[in-house]
Amino acid sequence: MSQQHYQRIWQTVLQIPAGKVASYGQIADLAGLPGRARLVGKALGYAPEQLAVPWFRVLRSDRSLAFAPGSDTANLQRQLLLAEGVLLKNNRVQQQDIWQPDLAELLFKLRY
DNA sequence: AGCATGACGATCT
DNA sequence: GAGATCGCCATGC
């Protein structure tokens with residue numbers, strides 16, 4: 001897949017504010033890539049460290065973490081979210097912690 | 001080209 | 001909510 005798509009995904013994820021989370025599908029939609037939720041996960045895995053993309057603020061549409069419960073990655077994600085005040089209950093975040101961006105403002109910042 | 005594999009998602013039970 | 005099923009799309013063998 002093109003770097004262009006990855007770039008858009010990374011830039012979109014960078015817009016998620018601390019203390020909020022978004023789903024893979026939501027990010028795909030906002031990045032102008034509807035139907036490609038799976039590509040978002042892949043892009044996050046390739047994200048350069050230097051860009052400091054908040055990958056831990058992205059999870060599934062059912063509000064559960066994508067990594068196996070108990071795995072090192074899942075534990076790390078849980079810790080990073082907790083540090084921002086996002087508490088997981090039974091591997092799920094609260095509905096209120098889901099990011100609901102102002103579309104006009106977001107599109108302006110991303111200027112697609 | 002065919003098939004399996006995912007940091008996924010919507011829908012039904 | 002949990003589990004099963006099917007759809008989706010990019011990748012790699």
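In what follows, every chain begins at residue 1, and chains take the letters A, B, ... in the order their sequences are listed. Everything numeric in this text was worked out from a predicted model, so none of it was measured.
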J.: May I have the distance from A/Leu88 (atom CG) to C/dG1 (atom P), rounded to whole angstrom?
T.: 13 Å

J.: Any ring-ring contact (aromatic ring centres under 6.0 Å, His included) involving residues 14-54 of chain A? Give me the pairs, sequence neighbours left out, ordered by first then second residue.
T.: A/Tyr6-A/Tyr46

J.: Just by protein heavy atoms under 4.0 Å, how would nucleotides 7-13 of chain B read 5' to 3' in B, S and -?
T.: BBSS---

J.: Polar pairs (N or O, both sides) under 3.5 Å between protein and nucleotides 3-5 of chain C?
T.:
none

J.: Tell me, which pairs form a salt bridge (Lys or Arg N to Asp or Glu O under 4.0 Å) where one or both residues lie in residues 95-106 of chain A, sequence neighbours left out?
T.: A/Glu105-A/Lys109

J.: Would you tabulate the side-chain donor-acceptor contacts of residues 50-59 of chain A under 3.5 Å, counting partners in other chains and residues two or more places apart, or write 'none'?
T.:
from, atom 1, to, atom 2, distance (Å)
A/Arg57, NE, A/Glu84, OE1, 3.1
A/Arg57, NE, A/Glu84, OE2, 3.2
A/Arg57, NH1, A/Ile16, O, 2.9
A/Arg57, NH2, A/Glu84, OE2, 2.5

J.: Considering residues at least two apart in sequence or located in another chain, which fulfil the side-chain contact (heavy atoms from CB on, under 4.5 Å) criterion with A/Leu106?
T.: A/Gln15, A/Leu30, A/Trp99, A/Pro101, A/Leu110

J.: Which pairs count as salt bridge (Lys or Arg N to Asp or Glu O under 4.0 Å) when at least one residue sits in residues 58-77 of chain A, sequence neighbours excluded?
T.: A/Asp62-A/Arg92

J.: Does the side chain of A/Leu81 come within less than 4.5 Å of A/Leu65's, by heavy atoms?
T.: yes

J.: State which residues pass side-chain contact (heavy atoms from CB on, under 4.5 Å) with A/Pro69; sequence neighbours excluded, sorted by chain then number.
T.: A/Asn91

J.: Which residues pass the side-chain contact (heavy atoms from CB on, under 4.5 Å) test with A/Glu49, sequence neighbours left out?
T.: none

